Amino acid sequence: MEYNFRETEKNWQDYWAKNKTFKAENDSSKPKYYVLDMFPYPSGAGLHVGHPLGYIASDIFARYKRLKGFNVLHPMGYDSFGLPAEQYAIQTGQHPEITTKTNIARYREQLDKIGFSFDWGREVRTSDPSYYKWTQWIFIQLFNSWYNPETNKAENISTLIDKFRNNSLSFGEGRAEAWDNLSEKEQSGLLLEYRLAFLSDTMVNWCPQLGTVLANEEVKDGVSERGGYPVERKLMKQWSLRITAYAERLLNDLEGIDWTESIKEAQRNWIGKSEGTSLKFRIENSDSEIEVFTTRPDTIFGVSFVTLAPEHELVAAVTTAEQKKAVEEYITFAKNRSERERMADVKKITGVFTGGYVLHPFTGKKVPIWIGDYVLAGYGTGAVMAVPGHDSRDYAFAKHFDLPIIEVVAGGDLSKESYDAKEGKLINSDFLNGLEVKDAVKKAIAAIGEKGLGKGKTNFRLRDAIFGRQRYWGEPIPVYYTEDGIPKVLDETELPLILPEVDKYLPTETGEPPLARAKDWKYKGKFEYEYSTMPGWAGSSWYFLRYMDAHNDKEFASRKAIDYWQNVDLYIGGAEHATGHLLYIRFWTKFLYDLGLIPVTEPAKKLINQGMIQGVSSFVYRIGQRVFISKNRIGSKLSEEEMSMINPDEDNLTPLPIHVDVNIVNNNVLDIEAFKNWREEYKNAEFILEDGKYICGSEVEKMSKSKWNVVSPDTMVEQYGADALRLYEMFLGPLELSKPWNTNGISGVSNFMRKLWRLYHNGDTLNISDEAPAKPELKVLHKTIKKIVHDIENFSFNTSVSNFMICVNELTELKCNKRAILEPLAIIIAPYAPHMAEELWKRLGHTESITYAAFPEFREEYLVESAFNYPVSINGKTRFFQEYDLSLSKEDIEKEVLNLEQTQKYLEGKTPKKIIVVHNRIVNIVV
RNA sequence: GCGGAUGUGGCGUAAUUGGCAGCCGCGCCAGACUUAGGAUCUGGUGCCGUGAGGCGUGGGGGUUCGAGUCCCUUCAUCCGCACCA
């Protein structure tokens, strides 16, 4: 009897569910291990074959750790708030909750079929009130906290109020009123400048099509990441999170975690730390100063103009009457240019002279003030000292407007381009002349400090994260407003603030978010709630903690559970979250740590990014309306019969490529019957074939419904079984690599599964011998154990599949049916092919699941050889092989080799210059 | 522009980390068995050459007894960031 994967896999999946085989305990004598996948957003399209890649890898690891005696936490859940469900709701009127539930059910069904060892008892859904209650709770903690730069951590806002009281507000820059004399509104406004969750007027990314603001992380190339709609800058009152307070720690702590270099680098980039100095330029005929930020104070004598961002607050003040009109026109122009336009023509230089001047702090010379939109209002001080000689952007601006270019660092050719390198000697620079750049920087900073013109300063590119979304399907922000408009957070006992029902999922006529439609939705019946909801990333910024204690209704997770599980040992997910989710989850973790709520500062010790699985689209080529030409016949001569199919008068004779469903194409050969039935319009299609077949074209593209290249895991499981799918996804190549899906190859692992089964069976019956194993059999087993352990621990799952194949091939060759070999083999393969492993385990006479069997111990002694077959090479080229006992010394081997007839043949009478003998490796003779 | 990765047969890939390049699989070729099949089994399969042999890890150079692996240089592809002063 052949192995019946359909029945067997179903049986074991039922068994695992019924016996709660993968339930993790929150305390155990075993060491803990936490394996986490990035939980999915349950979209309507269901899972394609690319989604489970990371889940399979993490599942193998989790199962391996269980066999190694660890108490493993391996949970799964759903990131179930989000835009697609809401947009679907807008179109259909269907409540997003219903769509979400349906999608989750579908996801669960698909996941179950693959045989994952998730502890479903800990499932979380971010859209569930019992979950978002705690997301709201964390928001309240953020609101009630500020970042104390002295202790370098978040503290309760009361410690700030104490400071205000004691120092009469001298703590806040430039304020001297007494705290208690301020009105409540003034106090609230002041505190908002410090709270980690705060309301402020900020420039936001406004997306009119989506009707919401977006975080910087959600905007790519000036369009929304979801949907690709244009995004514009707009000043709005918005909730934000003060992630910038954590910039330094987010940067520094990257050192201590085992994440891929590319993710760490992306985060470093995003945080964008840059060290420099601030410097003030006195405005001519005025008491005001323009403050700039520069990383190159050494080039101070190369300043030939100062550029302000169009939004800079001093623009009006420095503009002269003659230039007023031009400046105003320019500002209007800059304002109306969308972010997208501005990015699209980075090369285009625009700007205007204000007519005003500043005085050079060292020479006292007049320096013209310009406005240019290459200077960003949001970074540094929104003003730069332009050094066209040594900054390419200033150079381009100076060239364009014909402004002077001064060389102050020797080494470049300023007639061609600016010299930006930070090496060379200073020239034309008064007291800096002759110094190397590095020393000149130091001396310049010192001089600037002495004159009281500025001081060393660090800037970050990281912006505070805008937190409010003018959307329905998200966590309500637990805030209400008093009659004075003072925002107040709800009391913790009032949580969760349930997402109210609305009649439509659209903004109101007055442009308020959908939540404003909710009937009688008022705090204590009279105060208005905040109508914005939280962004998609809120719920995912702490979910790893909730899994530790998923049903706790008193706390977000009990201290005991958190102290036990600590943080994630292995986190697997896509690299697309590099600067979004993975930054936020680190931020929230650090915040909760500061409050003393959790014992760790990082969410995950190790992170692996699985690659994308791309689709391979297939194409048919249509001529006219109903004739399809095989790929390699395009451009070839057609027979008379073939010609008669085409009507050259009516038909367009250029073959038109059309995506065809990959499920009716095998090895690029089209299933013509299936194709005719695929769509009504192709029922009467005619074909121009090659070798009697229709060959399709193919191309690697993103896997998506519209490209007809989606391969569903269900189809694979149905045809080959879950174990085969698991093995094949791993066999495809290194986990981190992106690769196109090719269904053809799965037959290889499918054959392997059958071979494995046959190893234990003779025809229909189990065929196992209790005889002691022979040495070669033990050698094969232990070689495999060694390799598999090495592979798993290095996350090299592709090579372990290949090693299993080698092992089974060799044991088949040896006709091995010894229990002492096949039992351990079942265990080591169990993480990869758990269903078959369970079935074999049972047939071998075990009554318990294989999940908690003991992983076999590797024994070196079985691999020890007494001799080695040395490759003998002459001048590095392998010529022949010779076996020598391993006890022989190098000298002995050297002598023996030289005496060999074959050696003499290759030496052709010459005397070797040198002989290299590497023990257990190679012999090389140099002639 | 900055940063991160990747280049090996027709294809996906492998190489105990400086020691026999091409493991494992797909595909292909040949054979066996078959009331034909896109099933199964056996063998072969880097390239050139009938052969001895030669050539081969994107290209060029170097270090070394020995380089896919280390160094320099160059090219190509993918991804991330980007007027960040």
Side-chain angles (χ1 to χ4, degrees), chain A residues 220-221 260-270 272-274 276 292-296 299 307 309 342-343 345-349 372-376 378-387 390-394 396-397 420 459-463 575-576 578-579 609 611-612 666-667 669 671 727-728 731-734 736-752 754 783 786-787 790 796 798-809 869-881 912-918 920-927:
Chain A
K220 295 261 144 78
D221 300 323
T260 54
E261 197 45 43
S262 67
I263 294 276
K264 287 195 194 181
E265 198 57 35
Q267 293 209 348
R268 282 188 202 114
N269 247 312
W270 192 262
K273 181 176 179 174
S274 109
V292 303
F293 173 75
T294 180
T295 55
R296 294 293 303 275
T299 60
T307 317
R342 198 162 147 170
M343 282 186 187
D345 44 33
V346 170
K347 294 269 139 59
K348 194 170 145 195
I349 292 149
D373 71 354
Y374 79 96
V375 177
L376 304 175
Y379 183 78
T381 60
V384 301
M385 59 175 226
V387 184
H390 307 281
D391 180 285
S392 54
R393 294 148 308 179
D394 297 340
F397 196 84
D420 296 9
N459 257 322
F460 291 96
R461 202 149 66 202
L462 187 70
R463 293 284 92 94
E576 68 274 18
T579 52
N609 301 117
M612 277 245 267
N666 195 328
N667 268 333
V669 179
D671 181 335
L727 284 170
Y728 186 54
F731 188 59
L732 237 34
E736 296 92 331
L737 237 62
S738 284
K739 52 234 156 189
W741 177 262
N742 175 8
T743 299
N744 298 329
I746 199 171
S747 64
V749 290
S750 184
N751 283 341
F752 160 74
R754 277 201 289 271
K783 186 178 73 180
K786 186 182 181 182
K787 284 187 166 161
H790 179 265
S796 175
N798 54 326
T799 52
S800 39
V801 177
S802 143
N803 281 320
F804 281 127
M805 289 175 173
I806 295 167
C807 173
V808 168
N809 286 347
N869 197 18
Y870 284 88
V872 180
S873 51
I874 315 287
N875 287 336
K877 207 155 264 171
T878 309
R879 294 298 177 175
F880 61 92
F881 290 87
K913 280 190 201 138
K914 201 171 174 187
I915 299 178
I916 289 110
V917 179
V918 183
N920 216 352
R921 278 281 141 84
I922 202 168
V923 177
N924 191 19
I925 303 169
V926 188
V927 187

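Values reported hereafter were calculated over all heavy atoms of this structure, with side chains retained and with hydrogens, waters and symmetry mates removed. Just so it is clear: chains get the letters A, B, ... in the order the sequence lines come, proteins before strands, and each one is counted from 1. Keep in mind it's a predicted model, so treat the numbers as computed, not measured.
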What's the closest nucleotide to the side chain of [X] if the choices are [options]?
X	options	result
A:I916	B:G54, B:A85, B:G19	B:G19
A:F881	B:G4, B:C20, B:A82	B:C20
A:T799	B:A85, B:A15, B:C20	B:A15
A:N269	B:G80, B:G19, B:A82	B:G80
A:W270	B:A82, B:C24, B:A85	B:A82
A:E265	B:C24, B:U17, B:G3	B:G3
A:T878	B:G38, B:C26, B:C20	B:C20
A:F293	B:G3, B:A85, B:C24	B:A85
A:S274	B:C24, B:A85, B:G38	B:A85
A:V918	B:G25, B:G19, B:C81	B:G19

Could you check whether [X] gets within reach of a base, just the sugar-phosphate, or nothing at all, counting any heavy atom under 4.0 Å?
X	result
A:D394	nothing
A:N803	nothing
A:N875	nothing
A:R754	sugar-phosphate
A:P734	sugar-phosphate
A:V384	base
A:L737	sugar-phosphate

Notebook entry, point to check: Is the distance between the ring centroids of A:W270 and A:F460 under 6.0 Å?
Noted result: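 When the ring centroids of A:W270 and A:F460 are compared, they turn out to be at least 6.0 Å apart.
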Taking a pair as Watson-Crick or G-U wobble with both distances under 3.5 Å, which nucleotide is matched to B:A85?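 Its partner is none (no Watson-Crick or G-U wobble pair with both distances under 3.5 Å).
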Roughly how many Å apart are [M] and [N], using the [atom1] atom of each and rounding to a whole number?
N	M	atom1	result
B:U69	B:C20	C1'	15 Å
B:U77	B:A67	P	30 Å
B:G68	B:G58	P	10 Å
B:G22	B:A14	P	16 Å
B:U73	B:C79	P	26 Å
B:G9	B:U16	C1'	24 Å
B:C83	B:G1	P	15 Å
B:C72	B:A82	C1'	29 Å

- prompt: Between B:G25 and A:N809, is there an OP1 or OP2 to side-chain N/O distance shorter than 4.0 Å?
  reply: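 Yes, A:N809 has a side-chain N/O under 4.0 Å of OP1/OP2 on B:G25.
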So, is A:Y374 close to the B:A85 phosphate, meaning a side-chain N or O under 4.0 Å from OP1 or OP2?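 So the side-chain polar atoms of A:Y374 never come under 4.0 Å of the phosphate oxygens OP1 or OP2 of B:A85.
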Review point. In terms of side-chain heavy atoms, does A:N459 have a donor or acceptor partner in A:S274 at a distance below 3.5 Å?
Key: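 There is no such pair between these side chains.
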_Could you tell me if A:S796 and A:T799 have a donor-acceptor pair between their side chains, going purely by distance under 3.5 Å?_
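Result is yes, a qualifying pair exists.
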- Task: Identify, between A:K914 and A:M805, the residue whose nearest nucleotide on RNA chain B lies closer to the 5' end.
- Result: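 Looking at RNA chain B, the more 5' nearest nucleotide goes with A:M805.
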Checklist entry - Of A:S747 and A:N924, whose closest RNA chain B nucleotide lies nearer the 5' terminus? => result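 The answer here is A:S747.
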Expected output: side-chain A:K739 to main-chain A:L737 donor-acceptor under 3.5 Å: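 Confirmed, A:K739 side chain pairs with A:L737 backbone.
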Please determine whether ring-ring contact (aromatic ring centres under 6.0 Å, His included) holds for the pair A:Y870 and A:F881, giving the CA-CA distance in whole Å, both sets of side-chain angles, and the decisive distance to 0.1 Å.
CA-CA 5 Å; A:Y870 284 88; A:F881 290 87; over 10 Å; no
Chi-based syn or anti call at B:G9, which uses purine or pyrimidine torsion atoms and a 90° bound: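 Syn, which is what one calls it when the glycosidic angle falls within 90° of 0.
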N-glycosidic conformation, B:U17 - syn within 90 degrees of 0, else anti
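Syn.
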